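Worksheet: the structure to be examined is printed underneath.
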2 protein chains.
Amino acid sequence: MQKKPYISMPVIRRLPRYYRFLRHLDKRGVTRISSKELSEKMGFTASQVRQDFNCFGGYGQQGYGYGVHQLCEEIGSILGVDRAHKCILIGAGNLGKAIATHISYNFAGFDLIGIFDNSEQVVGQQIADLRVLPAAGIRRFCSENAPLMAILCVPDSAVKSVVELLYDIGIKSYWNFSHYDIALRYPDTIVENVHLNDSMMTLCYRVTENEKSS
Amino acid sequence: MQKKPYISMPVIRRLPRYYRFLRHLDKRGVTRISSKELSEKMGFTASQVRQDFNCFGGYGQQGYGYGVHQLCEEIGSILGVDRAHKCILIGAGNLGKAIATHISYNFAGFDLIGIFDNSEQVVGQQIADLRVLPAAGIRRFCSENAPLMAILCVPDSAVKSVVELLYDIGIKSYWNFSHYDIALRYPDTIVENVHLNDSMMTLCYRVTENEKSS
DNA sequence: TAGATTGTTAATCGATTAACAATC
DNA sequence: TAGATTGTTAATCGATTAACAATC
C-alpha cells in the first residue's frame, strides 16, 4: 500500500534510473545500500535519494540503509514494469525496427502486438517475432486486439493523419518519436516524446559553447 | 553580440522547440508573432516566452511582437546549428542506421563523417552516403579526421571499452544512446543522453497510474 | 550502548508566473 | 494619441539541499 499517492515529475523521471541501478545491484547479489553510496554511484545527493524514496514510503532502516531487492521490486511495481500493456508500432523504418527490437529485448511494461507500415517493401517483413502489417489494417486490428498505447515512428508528414486515426479508435497513450505535438491537440492523452532533433540541437549548443569558451 | 552569456538549462532545452516552430513559421511566410500567440501554439505561458527570449537580448518590439525570421536566425546561431561539427557514429545496428539517416536529413550542426561497427555482416554496408568501417580502424580514422563528437549506438556490453578508446583519442562530446554513465566517469565530457528505456518506463508509469485511477 | 543512517522538517535555491511601466 | 506588446521587476511556486532528531 502506497503512503502518498503523489510523486512529482522530477522524481518520476529519476525512478527508471534508480530501478536500473538497483536491479543491476540485485543481480550482482548486493543486498543493502545506503543513500550515501547510492548517491555517489548515481550522481545525486544523498538528501535527494532519501527525499525521493520517501515519496512512496519507508523502505529504509535507520542505521542500515535500504534493502536492494525490496526497493527494486517496489520501484518496479510503481513504474508498472511488471505489467504488459499491449501496444502497436506505426512505421517500420530503421527507427521503428530499432524500437521494436528494443522493446522485445528490454522489457519495461509493454507488449508489442502489432507493427504497421504503408510501404509495400516493408509490409511482410519479420521484426521481433512479428510480421509487419499494412497500415490499412490498423482500425480492424485495434478493434480486435484493443492495444492501449501506440508508438509513432512515422515521418513528420504522415503523423497528423495517423494520430487522428488512432485517437478516433480510442488510443490515448503515445510514445512519440515524431515532432507532432499530440498533447497540445488532444489534451486527454498521455504522451512521452523522444525528440531526437531537439536532443541533437541541445548537444550542439553545448559543444558550440564549449568551443567558444576555449 | 549576445547581451548575457548565461542561459539556464531549462531555457536551453526549450530553444530547439522555439527554433523548429519559428523556422516552420518563417517558411510559411509569417513575419511577426507575439509572445501570446507563440505561447498558445507551443503550450508555454507568454511570460515564459518573453523571459526566455530576454536571456539573449531584445529581439522584440513593444506593441509589435517578434520578427520571426530574425528571431529564428538568432536562436539557430545560439544553438550552433549553422556549424558542422565533425562526428562519428559507433554501432550500425537498426538504431545506428536510423540515427545516421536522421542526421543527414535533419541537419542540426553536425556532420557525420564516419560509421563504425565490429560485425562483419555490417561492415561495408552503405548508410547515408557512408560506408560502414571496421571498429578496429577508429583510432587511425580519428587521428586523420579529428572528429569532435561521437554517437554511441553500441550495446551496453560494449560501450565501456568503446568510450575508453574514444576518450583516450581525445573525444570529449557524446550523444549517448546506451546506459553507460559517461559524465560520471569522465567529468570533463559533454554528454547528451537518450535513454529509450527510461523514457519507456516513465511512460509506463503514467499509463499504469492512469489505469489505476480510472 | 555507540555508530550509522534514515525520515522529516527547515532553509535555500532556482524557475515560473504575474504585474506593470516603458515604448513602439 | 490609443492600443498593443515588450522588457523587466516582484511574487509565487516548487524542487533541491542541509540539518538533525529518531531509531535501528
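Since the model is a prediction, treat every value here as computed from it, not as a measurement.
For dT9(D), its base sits under 3.5 Å from the side chain of Q51(B) at one donor and acceptor pair at least. Evaluation of atom-type donor-acceptor distances gives a pair under 3.5 Å for the side chain of S47(B) against the base of dA18(C). One cannot find a donor-acceptor pair under 3.5 Å joining the base of dT5(C) and the side-chain atoms of E37(A).
Relative ring orientation between H195(A) and H179(A) is described as tilted, the plane-to-plane angle lying within the 30° to 60° band. Between F44(B) and Y18(B), the angle of the ring planes goes over 60°, which puts this pair in the perpendicular group of the 30/60° scheme.
At the heavy-atom level, Y66(B) lies under 4.0 Å from the strands shown only through sugar-phosphate atoms.
Residues M9(B) and T202(A) meet the side-chain proximity criterion, which asks for heavy atoms closer than 4.5 Å. Side-chain contact check for D181(B) versus K41(A): every heavy-atom pair is 4.5 Å or farther apart. The closest side-chain heavy-atom distance from L79(B) to T208(A) is not below 4.5 Å.
At least one side-chain nitrogen or oxygen of R14(A) sits closer than 4.0 Å to the OP1 or OP2 atom of dT16(D). Distances shorter than 4.0 Å separate some side-chain N or O of S35(A) from OP1 or OP2 on dT6(C).
Each of dC24(C), dT6(C), dT16(D) was ranked by its minimum atom distance to the side chain of Q48(A); first place goes to dT16(D). Distance from the side chain of N54(B) is smallest to dG7(D) among dA15(C), dC20(D), dG7(D). The R32(B) side chain lies nearest to dT5(D) when the options are dT5(D), dT16(D), dA19(C). Here dC24(C) is the nucleotide among dC24(C), dT8(D), dT6(D) with the atom lying nearest to any side-chain atom of Q61(B). Closest to the side chain of S8(B), from the set dA15(C), dA22(D), dT6(D), is dA15(C).
In this structure, CZ of R50(B) is placed 15 Å from P of dA4(D), rounded to the nearest angstrom. K36(B) has its NZ atom 14 Å from the P atom of dA18(C), to the nearest Å. Rounding to whole angstrom units, CD1 of residue I12(A) and P of dG14(D) are separated by 15 Å. In this entry the distance linking CG of D52(B) with P of dT5(D) reads 19 Å, nearest Å. dT23(C) atom P lies 20 Å from atom OH of Y59(B), rounded to whole Å. Distance CE (M9(A)) to C1' (dT16(D)): 18 Å, rounded to an integer number of Å. Taking atom CZ on F56(B) and atom C1' on dT6(D), their separation rounds to 14 Å, with Å as the unit. Between the OH atom of Y64(B) and the C1' atom of dA22(C) there is a distance of 19 Å, rounded to whole Å.
Applying the Watson-Crick and G-U wobble criteria (two distances, each under 3.5 Å), dT5(D) pairs with dA22(C). Taking a pair to require two hydrogen-bonding distances under 3.5 Å in either a Watson-Crick or a G-U wobble arrangement, dG14(C) pairs with dC13(D).
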Determine, stepwise, if the pair Y167(A) / D188(A) fulfils side-chain hydrogen bond (donor to acceptor under 3.5 Å, both in side chains). CA-CA 10 Å; Y167(A) 185 83; D188(A) 63 334; 2.9 Å; yes
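Residue Q62(B) is the one, among Q62(B) and G63(A), whose nearest nucleotide of DNA chain D lies closer to the 5' end (criterion: closest heavy atom).
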